[in-house]
Protein chains: 2
Amino acid sequence: MPEEPASIWLRPERGARGPAPERSRAQIAAVAIDLADAGGLAAVSTRQIAKALGTGPASLYRYVATRDDLIDLMHDAVTGEVDLSVPLTGDPIDDLLSLAARTRDLCLRHPWLLDVPVERTRLGPRAADYLEYALRALQHVPMTGRRKLEAISLLNGLVMLFAQLELQERRTPTARQAAQAAYRAQLAADGRHPLIAAAMAGSSLDPPEDPGQSFERMTRQLLAGLGLPG
Amino acid sequence: MPEEPASIWLRPERGARGPAPERSRAQIAAVAIDLADAGGLAAVSTRQIAKALGTGPASLYRYVATRDDLIDLMHDAVTGEVDLSVPLTGDPIDDLLSLAARTRDLCLRHPWLLDVPVERTRLGPRAADYLEYALRALQHVPMTGRRKLEAISLLNGLVMLFAQLELQERRTPTARQAAQAAYRAQLAADGRHPLIAAAMAGSSLDPPEDPGQSFERMTRQLLAGLGLPG
DNA sequence: AATTACCGCGAACATCGATCGCAGTATTGG
DNA sequence: CCAATACTGCGATCGATGTTCGCGGTAATT
């Protein structure tokens, strides 16, 4: 009989016998999210969380079986930040576009979301609400269930791609930028990559396009390509 | 004076003084790639590589300053597998489409590529050739350098999204599938997510679309959205 | 021939995720 | 009402990881 890896959402939050837990999954997730917002996913370690909670590292494992469970918790918690009370208009494109915009904001607020291994996530309750909402937007669209799920998955992927692009433009990691500059110089020097040299030379001068605008245009294209009525 | 994190591509492969290195960056990258192909990025550890090479873990650091450097090496090496001798037709759409298809094959051959932190990669020589090739396809398109770079980045992102979708459909991780089934049952039971229940119930029966076909359609849409002449 | 700069690598350190087992506490069943 | 039960908190610890130190040796430079 193989061990049951049993997604955390299937285990009860607390047992029926002993004393009440001193902390809750929600509290732990909140602390972990603060750590991740500040220092990225790598900063989310058993001991850092324990320290922030004022306990030893072992205590966490009463709430969570594994670090992955913890990330599931975090993922689900921030997914709950997306406002699902926005009424659907009935136009799938508009509705998904609006949802995508809200999701993009979420990614900008919690950049570590982009580092969560993509399909590793197990659907938590908040994520289920999210997915249900997205499927509701597609309710009257003639597609198979599988295609709808794929479409939502791709849409979220595109959202993350754009969020990535925007974040990468926003912050100025001095160390990296210096290294890039040095290497660019070498590339320009050897003369074998003239187009790269040209594109990168101009790139810092070219005005960036309004991210929101290009995001909306691309998302529309994606949805059209997915077979939605345009 | 801050330490120079100096991208690995800026350091010489070997010094001028001492004995010749017994191994090369290429050999190490090849071993690491084999490990990653077999067991994912997580299986690429200092000691595993050292063991495969028949040495101790410390020896690696004569070739690589950090694990990230090692991943840069791997990334660049597999990027070199993309055939850039395919002549360009002059039609940017066709050329990028063809390049994207080859890139998609690469991702399917080396699934760990999808786990490489996206913008962390420092442009190696092979990757530079790749980028130069892509820029050549865009040579006569009236876009700023920055927009071209963004377009290529987005295109590669889309390629990875599709590769992910396809891989996820291909393999059948029994443990996960069982957990998902259990959770799906609970979702269907509580009745609060009827659309999810319906979509997932059908999803295993619905015929999958030909991946290549949907990939090409979506890529066309993306390129059109990026402002390429269609 | 002496100096210098490099190579291989055993030993060790810090940190990480995770486990074990014990003391304490609330619920259950008789 | 009290033992049995099943849980909670957590110090100590394990194994694995990325990385550093410093040694003995080797080849190029002077």
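Every value quoted in this text rests on a predicted model; they were computed, and no experiment measured them. Here is the naming used below: chain letters follow the sequence lines, and residue numbers restart at 1 for every chain.
- If you take CD1 of B/Ile28 and C1' of D/dG18, they are 15 Å apart, rounded to a whole angstrom.
- Residue-to-nucleotide proximity on DNA chain C shows that, of A/Ala20 and B/Ala20, the 5′-proximal contact is made by B/Ala20.
- A heavy atom lying under 4.0 Å from DNA chain C marks the following residues of residues 44-66 of chain A, by number: A/Val44, A/Ser45, A/Thr46, A/Arg47, A/Ala58, A/Tyr61, A/Arg62, A/Thr66.
- Counting only heavy atoms from C-beta outward, the side chains of B/Ile8 and B/Leu70 never approach each other to under 4.5 Å.
- For A/Pro19, the side-chain atoms get nearest to D/dC7 when compared with the rest of D/dC7, C/dA5, C/dG8.
- Counting heavy atoms of neighbouring residues, nucleotides and ligands inside a 6.0 Å radius, atom CZ of B/Arg109 exceeds 12 of them.
- A straight line from CZ of A/Arg67 to C1' of C/dT15 spans 13 Å, rounded to a whole angstrom.
- Between A/Arg192 and B/Asp129 no salt bridge is recorded (no basic side-chain N to carboxylate O distance below 4.0 Å).
- A cation-pi geometry, defined here as NZ or CZ lying under 6.0 Å from the six-membered ring centre and within 45° of its normal, does not hold between A/Arg104 and A/Phe162.
- Remark: P of D/dT17 and CG of B/Leu70 are 14 Å apart, rounded to the nearest angstrom.
- Across the protein-nucleic acid pair, A/Arg11 atom CZ and D/dA6 atom C1' stand 17 Å apart, rounded to whole Å.
- Atom-to-atom, CZ of A/Arg17 to P of D/dG9 comes out at 17 Å; the value is rounded to the nearest Å.
- Between A/Arg147 and A/Leu226, the closest heavy-atom pair is NH2-O, 3.5 Å.
- Looking at every heavy atom in both residues, A/Trp112 comes nearest to A/His75 through CH2-N, 4.5 Å.
- Between A/Arg14 and D/dG9, a side-chain N or O to OP1/OP2 separation shorter than 4.0 Å is absent.
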